[in-house]
Amino acid sequence: MQIGRVMDLKSIHDIFTNRILRIPAYQRGYAWSNNKQVNIEQNEPLKNIKGQLIDLWNDLINIPEGKWHYTGLLTLVEVKPCEYDWLPNYKQYSIVDGQQRITSILILLSVIIKRAKDSNIILGIREGDVEMQYLYINKSVNAYIFGYDKDNPSDKFFRKHILALDEIEDDSEESIYTENLLKAKIFFEDMVSLYLQYEEHDLQLLFNRVTSQLKLNEYILPEELDEYVVFETMNNRGKPLSQLEKLKNRLLYLNDKYIVDDGSAEGEVLNDAERKDLEKAINTAWITIYKSLGQNKTRPLDDEDFIKNHWITYFDEYSRKEANVYANFLFDEYFSLDNVYNGNLSREDIKAYIKSLQKCAIWFNKLHNLHYFDESEKVISNAIQGIHHVGLKASFKPLLLAILSREDRNEFVEAIKALEKFSFKLFNLSGKRGNTGDSKIYELAHQVYICSKTPEQTKASIDTYTSWYYKFKLFVNQTYELFEIGPKEGFYKWSGRFYLLYQYDVYLRKVNKTSTESSAISWRDFVKNNSIEHIFPQSAAVSLEAYAKKRGKEVSEVETDYYEIQNNWHHFKNFEPEERRKLANSLGNLLALSKSDNSSLQNDPFLYKVDQSNKGEGYPNRGYKYDSMSAMLVANEEDWTPKKVLERGLEILKFLCEHIGEDFNSISEETKYKVLGLEFMLEPKTREIEESNIIEN
């Protein structure tokens, strides 16, 4: 953007002289960070530390004596009147650009000032001088030199936890941005401590470096320039603004462009009241949005992902024809200045949109983080949990967001279960691409959102889409590839293994009427720990040569161990290694465990896998008989044989067919064996009959 005026190079001291600085509402939260935390106890505490904060620190401490360092651009706009009318010599400015850098410097200054105060060191001419210039002025009440607009949730947090100044009860809202502020403070505290370990360093020297040797190009916007436009079009240094951050600025900008009064004083007052009302609504909405998206601090939700999914739900404008289509629509087609001037976009339109955005942000958070659902929302959260088990696909989010935003959301449980089956059938059984059917799902999402689809109609639509793309024969073909192509690890590498084995265990618990929590499988731990056990171990399935190669040893070195394993599983010895591999990775040989430590039983004989106490007294309460319902039923077997692998595989396959609505009895024996990778176990006569009856598809 062309500014059209020479900028002023100023030190931090100059920038903070007789000024009140505020980060305006349209700005993003604090985003600067490092890739990891500093550990000052280590020998090399700064090794492999990267990020904006460490870069700023390195720039500071490497400035040669008597020199200065250019730190970047600071764009300001004067705000009238000043927040503190009892400070007549002060001017107030909003920071249009450069807030990340100036905030970081102010955090560092607050750390230095606090350290000096604790050490009885006076940095200015008189005690309290530096606090008055950079932090606050106290005249019965505090005037805060630097901070956020009052409606920003970071404002109180900054005063309370960063500057340690505000003594009132803390009711600040925490988010990923406040977390970043706190991490920055901790970082600079560590850096100051490391800096002062050297005798030639002192706080006064460091303070002087910050306030005198760091310089910024300062530009004060003239009144004729619109700060919102400058903010939106200016090149962003550092982390780029997200579309959500830009959108807030755009809406505040458009709000200022409405002229709905009739020229009278009363009309002007009404227009101003409406402007302030919408401005407050926008700020409040974004507080909720940022809080919701950043509530899970370990995994904050992506701004772009949220705004895109809401756009699909709200507008029904999805298209694959162009990249970034949602942003182009929002900024170029819908929330445009032309639409304000030609009357196609009213303040009520904006208010309805932000109200929806605010509401959906809360549900978007719950959709990704099930533990935020209230106890009263158990019905819908259980249904959403099923989607998580099969995988929360990107194309599902708009539809689920639309369902959650409705008051009758509990009536959609069957529709959500249908979506779960849609996912399992298409992506796990049929091997379809992840975006299969997404256009139809997106269209349905908007229809659900505007209440033109009932729960029953929604389920019917999903069932119809499923019938278009799913065919059982695609699953049969996929199982052939699992056993014959690539790593050849059968169902152990199948994408649907966790979902099917988990659902099968839930089914077994139901039919065996058990509610014992200790044997229940925790989905999160099950997937995280990969708690799927090969009953007949993989190491017993390979040839002697392959066994030695896997261990990086000569055949002669492993012969004893190898034949001991073979003897432990003597029922499988007469099969070729290729057949043993298929048996090991067949569906009936894979066992879902509730306790991950039991998955370490590995090469133990079946007797020990069932109950580790058979080894001796040092192994109490370990083994299949103390694990999941699936494991306990296997533990009832006297021994484990190829026939048992086949029988259990057929049982699970029958459950699978019932689960997805296939007729198990109509599937030929040859196909069942083929799916399990066990064609070689067909009786010769049966095999001949089956082969003679094969009909080309």
Side-chain angles (χ1 to χ4, degrees), residues 11-13 16 30-69 71-72 100-124 127-136 145-147 154 157-167 170 174 176-215 238 297:
S11 68
I12 299 300
H13 173 84
F16 279 88
Y30 184 68
W32 272 22
S33 62
N34 290 326
N35 61 333
K36 60 181 182 178
Q37 190 171 339
V38 175
N39 186 347
I40 60 176
E41 303 299 324
Q42 292 180 342
N43 292 331
E44 297 181 86
L46 302 184
K47 186 177 181 181
N48 297 325
I49 301 289
K50 297 178 181 179
Q52 297 102 329
L53 297 176
I54 189 69
D55 289 346
L56 175 62
W57 176 261
N58 288 333
D59 288 343
L60 173 68
I61 63 172
N62 289 310
I63 302 174
E65 193 65 36
K67 302 291 184 179
W68 54 269
H69 175 75
T71 314
Q100 303 289 339
R101 181 170 285 100
I102 203 72
T103 302
S104 302
I105 292 171
L106 202 283
I107 294 172
L108 172 56
L109 274 174
S110 71
V111 169
I112 295 171
I113 293 169
K114 175 68 165 55
R115 189 72 176 257
K117 190 172 183 179
D118 291 344
S119 303
N120 295 318
I121 297 172
I122 299 175
L123 296 175
E127 184 177 353
D129 279 357
V130 294
E131 285 92 340
M132 289 181 62
Q133 175 152 9
Y134 299 103
L135 305 183
Y136 70 103
I145 303 300
F146 178 89
S154 295
F157 186 93
F158 189 84
R159 298 202 306 262
K160 178 78 174 180
H161 299 282
I162 306 304
L163 304 183
L165 297 176
D166 202 343
E167 300 300 328
D170 181 32
E174 294 189 25
I176 186 63
Y177 299 120
T178 58
E179 183 80 359
N180 289 339
L181 287 169
L182 198 56
K183 286 180 179 178
K185 180 181 181 181
I186 293 170
F187 168 76
F188 285 125
E189 286 174 340
D190 289 339
M191 290 300 96
V192 171
S193 295
L194 289 172
Y195 176 85
L196 294 177
Q197 288 179 1
Y198 297 91
E199 290 184 4
E200 66 272 22
H201 292 166
D202 60 43
L203 285 170
Q204 185 68 59
L205 176 63
L206 183 60
F207 177 78
N208 292 343
R209 278 181 174 272
V210 176
T211 56
S212 301
Q213 293 180 267
L214 289 178
K215 294 195 176 184
K297 296 175 184 177

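Given the structure is predicted, the values throughout are model-derived calculations rather than measurements.
The CG atom of Leu205 sits 11.0 Å away from atom CD1 of Ile61, with the distance rounded to the nearest 0.5 Å. Once rounded to the nearest 0.5 Å, the distance linking CZ of Arg209 with CD of Gln204 reads 13.0 Å. From Ile105, atom CD1 reaches atom CG of Leu108 across 8.0 Å, with rounding to the nearest 0.5 Å. Here the straight-line distance linking atom CD1 of Ile107 with atom CD1 of Ile112 works out to 12.0 Å at 0.5 Å rounding. With rounding to the nearest 0.5 Å, the separation of NE2 in His69 from CG in Asn58 is 10.0 Å. Between the CD1 atom of Ile113 and the CG atom of Leu203 there is a distance of 10.5 Å, given to the nearest 0.5 Å.
The closest side-chain heavy-atom distance from Leu60 to Thr71 is not below 4.5 Å. At least one side-chain heavy atom of Leu123 sits less than 4.5 Å from a side-chain heavy atom of Phe207. With contacts defined as side-chain heavy-atom distances shorter than 4.5 Å, the pair Ile12/Leu109 qualifies. Using a 4.5 Å heavy-atom threshold, the side chains of Arg101 and Trp32 count as touching. Within the 4.5 Å cutoff, no side-chain heavy atoms of Leu206 are placed close to those of Leu196. Side-chain contact between Asn208 and Gln213: absent, with no pair of heavy atoms (C-beta onward) separated by less than 4.5 Å.
For the side chain to side chain contact (heavy atoms under 4.5 Å, CB included) test with Phe146, the passing option among Thr103, Leu163, Leu135 is Thr103; the others fail.
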Would Leu181 and Tyr177 satisfy side-chain contact (heavy atoms from CB on, under 4.5 Å), going step by step from the backbone distance to the final call? CA-CA 6 Å; Leu181 287 169; Tyr177 299 120; 5.9 Å; no
Under the side chain to side chain donor-acceptor pair (under 3.5 Å) rule, what do Asp129 and Gln133 come out as? Steps first, then yes or no, please. CA-CA 6 Å; Asp129 279 357; Gln133 175 152 9; over 6 Å; no
Steps toward side-chain contact (heavy atoms from CB on, under 4.5 Å) verdict (Leu214, Ile63): CA-CA 9 Å; Leu214 289 178; Ile63 302 174; 4.0 Å; yes
Walk me through it: do Thr211 and Tyr134 pass the test side-chain contact (heavy atoms from CB on, under 4.5 Å)? CA-CA 10 Å; Thr211 56; Tyr134 299 103; 3.2 Å; yes
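Nearest heavy-atom pair, Ser11 versus Ser212, reported as atom, atom and distance to 0.1 Å: CB-O, 4.0 Å. Taking every heavy atom of both residues into account, Gly124 and Ile122 meet most closely at O-CG2, 3.3 Å.
In Gln37, the CD atom is not crowded: 12 or fewer heavy atoms of neighbouring residues, nucleotides or ligands sit closer than 6.0 Å. With a 6.0 Å radius and a threshold of 12 heavy atoms from other residues, nucleotides or ligands, Lys67 has its NZ atom at or below the threshold.
When atom types are taken as modelled, the side chain of Asn34 and the backbone of Lys36 share no donor-acceptor pair closer than 3.5 angstrom. Between the side chain of Asn35 and the backbone N or O of Lys50, at least one donor-acceptor pair lies under 3.5 Å. For Glu131 (side chain) and Tyr136 (main-chain N/O), no donor-acceptor pair under 3.5 Å exists by modelled atom type.
Side chains of Ser104 and Tyr30: a donor on one and an acceptor on the other come within 3.5 Å.
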Report all side-chain donor-acceptor pairs from residues 184-195 shorter than 3.5 Å, counting only partners two or more places apart or in another chain.
residue : atom : partner : partner atom : Å
Lys185  : NZ   : His161  : O            : 2.9
Lys185  : NZ   : Ile162  : O            : 3.4
Ser193  : OG   : Arg115  : NH1          : 3.1
Ser193  : OG   : Glu189  : O            : 3.0

